Amino acid sequence: MNLHPNEVEALVQKTARDFTDRVLMPIAAQIDREEAIPRSVLKQLADLGLMAVRLPSEYGGAGASTVAYALAMQQIARGCASTAVTMAVNNMVGEVIATFGREEQKQKYCTRLASGEYCAGAFALSEPGAGSDPGGMRTTATREGDGWVIQGEKQWITNGAFAGIFVVWARTAGKEALPGAKGITCFLVEAGTPGFTVGRAEDKMGLRGSNTTSLQFDRCRVPNSAILGEINSGFKIAMMALDGGRIGVSAQAIGIARASLEESIRYAKDRQQFGSPIATFQAIQWKLADMRTELDAAHLLCMRAATLKDARKPFSSEASMSKVFSSEAAVRICNEAVQIHGGYGYTREFAAERHLRDVRVTMIYEGTSEIQRMVIARSMLA
Ligand code: COS
């Protein structure tokens, strides 16, 4: 594994870092407080190529590597985790369409996701009763005439309120029905399709600037051309997309933790107790040393998974290792950051409080820590 990004990767990383320092850092607390990311921020991300880092240039993407994407994601999450998850889902949706879509689907949707014409894309797999076990989903798709009718409900959908295109998984009904994971088909559903409505936004602990909704499908009719991939190939499409998505979540966790560590160092050098900056106390130094060590270990796992993906080698288990380690380490780091900030860390005056709220979900979404361990264990025991 090359420990140094190549020229393009370094440029993508620098672009994201500059955007974070100049635009996101100053407004991240406001985004959290007002529970919305300004649309202009999403458009600027698109203009910088960060909404479609992996998409080929013919679809308006940056045509860069997974390593570049992970480095950019770390930087954006360092500035604003809510913006990072919005960007992550957009990139994931673009990549899944670019990988499994037909040419006309790529021309229509990837270009709009990359350019910012669509504010974002959305990934609609989970349901109220099917989170860790998407094979148990109950939303159905039934063939009717020359199209399909989707019926059911989706839950925890990032970007639900403003996405232009939704990747929706449904259980194939009728003659083509198959049990469990074998009987799931994936559809591309445009916002505003009759029968498709978006529910209210969730009132979340963190990532409050990002939008999370339910989706309802009430006899929502889509054409045959809306199918992504093959009939009943949806489960594998979801799993492959999630493998890549988990590298992104790992990078998000690392970015949030990096911000926490940077702020802890600043605070520890500034805060005086017993006549000295608290950074001179070994109790604080050891915390900072552990935080940095865990952060670097998480980064290396993230880079390994991204490098394997770029090399088109199997990376599912490595992506899960990266996600489980990074997210759990990041939660510990952000928790220690609050501790270093003392009482101030428990207030909104300092970002440490927001980082701890934001980082917690990285242990949950795109597969809980428990699911990641299951993936890792299965690959060893297979
Ligand atoms: N890539 C490609 N194919 C995969 C795959 C992967 N990473 N993981 C599983 N598959 C395939 C299997 O090979 C199997 O195919 P065959 O039937 O041809 O053998 C099929 O998919 C079913 O696999 P499996 O039996 O392992 O499915 P399970 O229902 O046991 O689920 C886990 C496996 C738990 C790993 C999966 O359900 C999972 O990732 N759950 C978490 C979902 C998640 O992250 N939700 C959050 C959504 S975003 S907020």
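We number each residue from 1, following the sequence as shown. Since the structure is predicted, the reported quantities are computational estimates derived from the model, not experimental observations.
- Of the possible polar contacts, one joining the D310 side chain to the T66 backbone as a donor-acceptor pair under 3.5 Å is found.
- A 4.5 Å side-chain heavy-atom check between D218 and Q216 finds every atom pair outside the cut-off.
- Closest non-hydrogen pair, I157 versus S126, comes out as CD1-O, 4.4 Å.
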Exercise for the section: Apply the test side chain to side chain donor-acceptor pair (under 3.5 Å) to residues Q30 and R33: give CA-CA distance (whole Å), side-chain angles for both, the deciding distance (0.1 Å), then the verdict. Expected result: CA-CA 5 Å; Q30 177 196 330; R33 211 171 36 248; 5.4 Å; no

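- Between D32 and R357 there is a salt bridge, since at least one side-chain N of the basic residue sits less than 4.0 Å from a carboxylate O of the acidic one.
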Problem - Step-by-step ring pair (Phe, Tyr, Trp, His ring centres under 6.0 Å) determination, W156 to Y365 - result: CA-CA 9 Å; W156 315 124; Y365 64 17; over 10 Å; no

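- Residue F281 places its CZ atom among more than 12 non-hydrogen atoms of other residues, nucleotides or ligands, all under 6.0 Å distant.
- How far CE of M1 is from CG of L300: 5.0 Å, rounded to the nearest 0.5 Å.
- Proximity of K313 to T307: side-chain heavy atoms (C-beta onward) are nowhere separated by under 4.5 Å.
- When L188, T185, V168, T99 are each tested for a side-chain contact (heavy atoms from CB on, under 4.5 Å) with L228, only one passes: L188.
- Taking each heavy atom of V85 and S210 in turn, the nearest pair found is CG1-CB, 3.5 Å.
- The shortest heavy-atom contact between S214 and Q155 is CB-OE1, 3.5 Å.
- With a 4.5 Å cut-off on side-chain heavy atoms, K154 and F217 count as touching.
- Judged by distance alone, with hydrogens and angles left aside, the side-chain atoms of D358 form a donor-acceptor pair with the main-chain N or O of L207 at under 3.5 Å.
- The pair D21-R17 does not count as a salt bridge, with every side-chain nitrogen at least 4.0 angstrom from each carboxylate oxygen.
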Exercise for the section: Please report the C-alpha distance between S326 and T362 in whole Å, then the side-chain angles of each, then the deciding distance to 0.1 Å, and finally whether the side chain to side chain contact (heavy atoms under 4.5 Å, CB included) criterion is met. Expected result: CA-CA 9 Å; S326 303; T362 61; over 6 Å; no

Handout entry: From CA spacing to verdict: side chain to side chain contact (heavy atoms under 4.5 Å, CB included), R102, S225
Key = CA-CA 9 Å; R102 293 187 304 282; S225 59; 3.6 Å; yes

Exercise for the section: Evaluate the criterion side chain to side chain contact (heavy atoms under 4.5 Å, CB included) for residue pair L288 and S264; output intermediate values, then yes/no. Expected result: CA-CA 8 Å; L288 294 173; S264 297; 3.9 Å; yes

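- The backbone N or O of E318 sits nowhere less than 3.5 Å from a side-chain atom of S322 that would complete a donor-acceptor pair.
- Taking the six-membered ring for Trp and thresholds of 30 and 60 degrees, F350 and Y344 have ring planes more than 60 degrees apart, a perpendicular arrangement.
- Here the closest non-hydrogen pair linking A64 and V12 is CB-CG2, 4.1 Å.
- For E9, there are no salt bridge (charged side-chain N to carboxylate O under 4.0 Å, His left out) partners, not counting sequence neighbours.
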Practice task
Apply salt bridge (charged side-chain N to carboxylate O under 4.0 Å, His left out) to the pair K43 and D47, showing each step before the final yes or no.
Solution key: CA-CA 6 Å; K43 179 69 179 119; D47 291 345; 2.9 Å; yes

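- With hydrogens and angles disregarded, a donor-acceptor distance shorter than 3.5 Å links the side chain of E127 to the backbone of T139.
- When all heavy atoms of Y267 and I340 are compared, the closest pair comes out as CE2-O, 3.5 Å.
- Using a 4.5 Å heavy-atom threshold, the side chains of D203 and R208 count as touching.
- Counting heavy atoms from C-beta on, the side chains of T86 and L45 never come closer than 4.5 Å.
- Surrounding CZ of R258 are more than 12 heavy atoms belonging to other residues, nucleotides or ligands, all under 6.0 Å away.
- Scanning both residues, A120 and F162, for their nearest heavy atoms gives CB-CE1, 3.8 Å.
- In this structure a side-chain-to-backbone donor-acceptor pair under 3.5 Å is missing from N335 to V331.
- N91 places a side-chain N or O within donor-acceptor distance of the main-chain N or O of L50, the cut-off being under 3.5 Å.
- R246 places no side-chain N or O within 3.5 Å of a backbone atom of S320 that could act as its donor or acceptor partner.
- We find that E176 and R143 are joined by a salt bridge, their nearest charged nitrogen and carboxylate oxygen being less than 4.0 Å apart.
- Comment: R354 does not engage E263 in a salt bridge, judged by the lack of any side-chain N to carboxylate O separation of less than 4.0 angstrom.
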Exercise for the section: Determine, step by step, whether N159 and C119 satisfy the side chain to side chain contact (heavy atoms under 4.5 Å, CB included) criterion, reporting the C-alpha distance in whole Å, the side-chain angles of both residues, the deciding distance to 0.1 Å, and the verdict. Expected result: CA-CA 9 Å; N159 305 339; C119 271; over 6 Å; no

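- In this structure, the side chain of Q105 engages the main chain of I227 through a donor-acceptor pair within 3.5 Å.
- When atom types are taken as modelled, the side chain of H341 and the backbone of A337 share a donor-acceptor pair closer than 3.5 angstrom.
- To the nearest 0.5 Å, atom CD of residue E230 and atom CD1 of residue I237 are 8.0 Å apart.
- Remark: K108 pairs with E190 by the side-chain hydrogen bond (donor to acceptor under 3.5 Å, both in side chains) rule, at least two apart or across chains.
- In this structure the side chain of Q107 reaches within 4.5 angstrom of the side chain of Y59, judged on heavy atoms.
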Exercise for the section: Could you please spell out the steps behind the ring pair (Phe, Tyr, Trp, His ring centres under 6.0 Å) verdict for F123 and W169? Expected result: CA-CA 9 Å; F123 189 90; W169 280 264; 4.6 Å; yes

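- A distance-only check finds no donor-acceptor pair linking the side chain of K182 to the backbone of N232 [under 3.5 Å].
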